[in-house]
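Data block below; observations after.
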Amino acid sequence: MQDVQGSATAPVGLTLGSAPLDDAHGLRRDFGRRASVSGWVVAVGLLLFGVVWLANLAYTSLSPPVDSIEQLIWVRALEWGYYKHPPLPTWLIWLPVQLFGLSAWTSSVLGATLTLGSMGILWRLLTKLRGSLYATVALLAVLSVTYYNGRLYYYNHNIVLMLASTASAALCWQAYSTRQLRWWAGLGLALGLGALSKYQIAITVVSLLVFVVHQRAWRDPAHRLGLLVATLVALLVFAPHIEWLRRHDFEPIHYAFDTSLGIDLTLAHRLTWSIHWLVDQLLNRALPALLVLAAALYLPTKARRLLALRPAAAAAAPRGDPARALLLSWGVVPFVFMPLLGVLFGSDLQLQWGTAFLLFTVPAIMEAVPRRRWDRVDLGSTLKAFLAIQVLLLVLSVITSPRGPASLRDHHWRTFDSGELASLIAQPARDALGGPIRVLIGSTADAGALALQLPEHPVVLIDGIFDHSPWVDPGVLERCGAVQLGTMTEMTDATPVGPAFPGLAWRVVKPVAGAGLCPP
């Protein structure tokens, strides 16, 4: 692993380890060498982090996240698009489902793998740009962002988009620094796959364009050709989905406009919500990360006291430092661009939209601090602060969950007891149908959670709409009937589930043909 600092010959004098006290530069170099972290150590650390948090989340959640349930519903039919989103996340979970089964654990492990994979890519990129000490401090801070610990078991389009966006940053740096066409083609592939994940890859494209403009990359013929190749590759990858959109009346685009735009909102309302969104991202989701960075900078350590004896001269950042430009482009642009969308176009900024981009905000913040201060960080003390924050977050997760004291429990989706729901409905429904439950009709959340609890793993007809559920064969519904979940106002002839599920009711939709035609 390459040291953060360059080599220098140390003069004779008092030493700590191998660096003389009268040579602050040499001392800093020595600490940089000691703090150098190998990729294997980071990989093992990420694995341990994943195991601990997945165990905690499995213990504290009575149902998997709704977004994960959605993917486990959609995976029953591989399409070039779905009524809400592009198809890549559903394709990616198909093979794990074939290997390990249709279960919450399958989606949780896949979600954690992709999230931690993004963290690994970020660490490697920062190691190239700023050295392993800087990269490791940034990684510890990023892992403290609540999107990446308390939601580690999420598997959705934002998680796949985060991987594509992070890979795009790494590939952009390779393409820019090497001027090799293959890296530009790789960047185009990452952007194309990102577009097949979620249309918000457009924000990453804006980050890329800001970087290119700032660095005046268009002046270099190799970069001009590279940008053209990246664009063509991205369009080639995305083209089949464009054709699917055309044949399906651009349904996901309509969904995005219907659920995310509030063009009729007043300017004051738009401004207020956009500020609220930004504050939530930086001072709520990222607050533990800021605490890790503060601990790295300000915790008193023996190393910092010794370095203070002879402060190192400030190392001026190179003029037009492209590494700094890259980190600021990916770390700042999304959190300027999205609030502007909210203010100018009335976009209803959803809080989870920061998932794919917030990890780069950490190095962007670090870039605002003189580089020499990160060279003086004591990694051991920073790690202790990180562990203390993680323990606090783990304890908070438990005490606010269904396993914690009743007075402290939250009312989030994880408290929905889908196992109890199955125990109340399953057998009476089978008796009424005269056979197994093959089809559930209802919302993604309620019906999807119930489907995962039933041994038959019935397909879900989302909101009773066949166009939204290409995995449902109308013939199966006719032969086997279905169980419908909803409210009493929606189904006047339904049966209330019980006091544990206020407002929720169910009924049986009888088979059109004889029940004997439904396979066991």
Side-chain angles (χ1 to χ4, degrees), residues 63-94 97-98 101-104 106-107 155-157 196-198 240-241 244-256 258-259 413 418 421-422 425-426 429 433 435-487 490-491 494 504-513 517-519:
S63 292
V66 174
D67 285 356
S68 301
I69 293 172
E70 182 174 68
Q71 290 306 309
L72 292 170
I73 292 174
W74 292 8
V75 77
R76 308 294 274 271
L78 296 183
E79 303 283 328
W80 272 104
Y82 298 88
Y83 76 102
K84 288 171 61 176
H85 292 299
L88 184 60
T90 309
W91 295 351
L92 291 179
I93 200 175
W94 183 85
V97 165
Q98 307 312 306
L102 196 74
S103 72
T106 301
S107 63
Y155 178 69
N156 58 22
H157 293 78
L196 289 178
S197 304
K198 197 172 184 181
H241 180 64
W244 182 92
L245 286 171
R246 187 190 65 79
R247 289 188 286 105
H248 290 80
D249 192 31
F250 296 90
E251 190 171 17
I253 306 297
H254 295 310
Y255 172 83
D258 292 342
T259 58
W413 167 256
S418 53
L421 178 66
I425 292 179
L433 288 170
I437 303 171
R438 296 300 181 197
V439 181
L440 289 173
I441 303 173
S443 67
T444 294
D446 296 344
L450 176 59
L452 291 176
Q453 294 291 338
L454 299 176
E456 302 101 315
H457 289 318
V459 294
V460 176
L461 181 58
I462 298 175
D463 299 325
I465 303 173
F466 282 99
D467 287 346
H468 292 180
S469 313
W471 46 85
V472 179
D473 179 359
V476 174
L477 182 61
E478 292 180 0
R479 294 191 302 272
C480 301
V483 174
Q484 184 173 8
L485 287 177
T487 64
E490 296 169 335
M491 307 177 299
L504 191 62
W506 69 280
R507 69 179 179 184
V508 163
V509 178
K510 291 286 189 178
V512 175
L517 297 177
C518 184

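- The shortest side-chain heavy-atom distance between Val483 and Ile441 does not fall under the 4.5 Å cut-off.
- The minimum heavy-atom distance linking Leu504 with Asp446 is given by the pair CD1-OD2, 3.6 Å.
- Between Ala77 and Tyr82 the shortest heavy-atom distance is O-OH, 2.5 Å.
- Ser469 places no side-chain N or O within donor-acceptor distance of the main-chain N or O of Phe466, the cut-off being under 3.5 Å.
- With sequence neighbours excluded, the residues satisfying side-chain contact (heavy atoms from CB on, under 4.5 Å) with Ala494 are Met488, Met491, Ala505, Arg507.
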Passes side-chain contact (heavy atoms from CB on, under 4.5 Å), Asn156 versus Val66? Steps please.
CA-CA 9 Å; Asn156 58 22; Val66 174; over 6 Å; no
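- To the nearest 0.5 Å, atom CG of residue Asp463 and atom NE2 of residue His468 are 8.0 Å apart.
- For Ser68 (side chain) and Tyr155 (main-chain N/O), a donor-acceptor pair under 3.5 Å exists by modelled atom type.
- Under the 3.5 Å distance criterion, the side-chain polar atoms of Gln71 are matched with a main-chain donor or acceptor of Thr90.
- The distance from the CD1 atom of Ile93 to the OG atom of Ser107 is 5.5 Å, given to the nearest 0.5 Å.
- The closest donor-acceptor contact from the side chain of Asp473 to the backbone of Gly475 lies under 3.5 Å.
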Can you check side-chain contact (heavy atoms from CB on, under 4.5 Å) on Trp413 and Ile69, steps first, answer last?
CA-CA 12 Å; Trp413 167 256; Ile69 293 172; 4.0 Å; yes
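- Listed here is the closest heavy atom pair of Gly101 and Thr106: O-OG1, 2.7 Å.
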Contacts table for residues 455-462: side-chain donor-acceptor under 3.5 angstrom, sequence neighbours left out:
{"residue": "Glu456", "atom": "OE1", "partner": "Arg430", "partner atom": "NH2", "Å": "3.1"}
{"residue": "Glu456", "atom": "OE2", "partner": "Arg430", "partner atom": "NE", "Å": "2.7"}
{"residue": "Glu456", "atom": "OE2", "partner": "Arg430", "partner atom": "NH2", "Å": "3.4"}
{"residue": "Glu456", "atom": "OE2", "partner": "Ile437", "partner atom": "N", "Å": "3.1"}
{"residue": "His457", "atom": "ND1", "partner": "Ala451", "partner atom": "O", "Å": "3.4"}
{"residue": "His457", "atom": "ND1", "partner": "Leu454", "partner atom": "O", "Å": "3.3"}

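- The two residues Val439 and Leu477 make their nearest non-hydrogen contact at CG1-CD1, 4.1 Å.
- For the residue pair Leu196 and Pro89, the shortest heavy atom distance occurs at O-CD, 3.8 Å.
- Inter-residue side-chain proximity for Ile425 and Leu485 is flagged as met; some heavy-atom pair is nearer than 4.5 Å.
- For the pair Glu490/Gln484, no side-chain contact is recorded, criterion being any heavy-atom separation below 4.5 Å from C-beta on.
- Every residue meeting the ring pair (Phe, Tyr, Trp, His ring centres under 6.0 Å) condition with Trp244, not counting sequence neighbours, appears here in chain and number order: His241, His248.
- Note that CG of Leu88 and NZ of Lys198 are 13.5 Å apart. Values are rounded to the nearest 0.5 Å.
- Here the CH2 atom belonging to Trp506 is positioned 11.5 Å from the CG atom belonging to Leu440, to the nearest 0.5 angstrom.
- At distances below 3.5 Å, not a single donor-acceptor pair connects side-chain atoms of His85 with backbone N or O atoms of Pro252.
- Here the closest non-hydrogen pair linking Arg479 and Pro511 is O-CB, 3.3 Å.
- Annotation: salt bridge (Lys or Arg N to Asp or Glu O under 4.0 Å) contacts involving residues 65-89, sequence neighbours excluded, comprise Glu70-Lys84.
- Counting only heavy atoms from C-beta outward, the side chains of Trp74 and Tyr83 approach each other to under 4.5 Å.
- Here the side chains of Leu452 and Pro64 are in contact, with some heavy-atom distance below 4.5 Å.
- Listed by chain and number, the residues in a side chain to side chain donor-acceptor pair (under 3.5 Å) with Ser63 are Ser418 (sequence neighbours excluded).
- Residues passing the ring pair (Phe, Tyr, Trp, His ring centres under 6.0 Å) test with Trp80 are Trp91, sequence neighbours excluded.
- Here the straight-line distance linking atom CG of Leu421 with atom CG of Leu450 works out to 5.0 Å at 0.5 Å rounding.
- Side-chain atoms of Trp471 and Ile73, non-hydrogen and from C-beta on, do get closer than 4.5 Å to each other.
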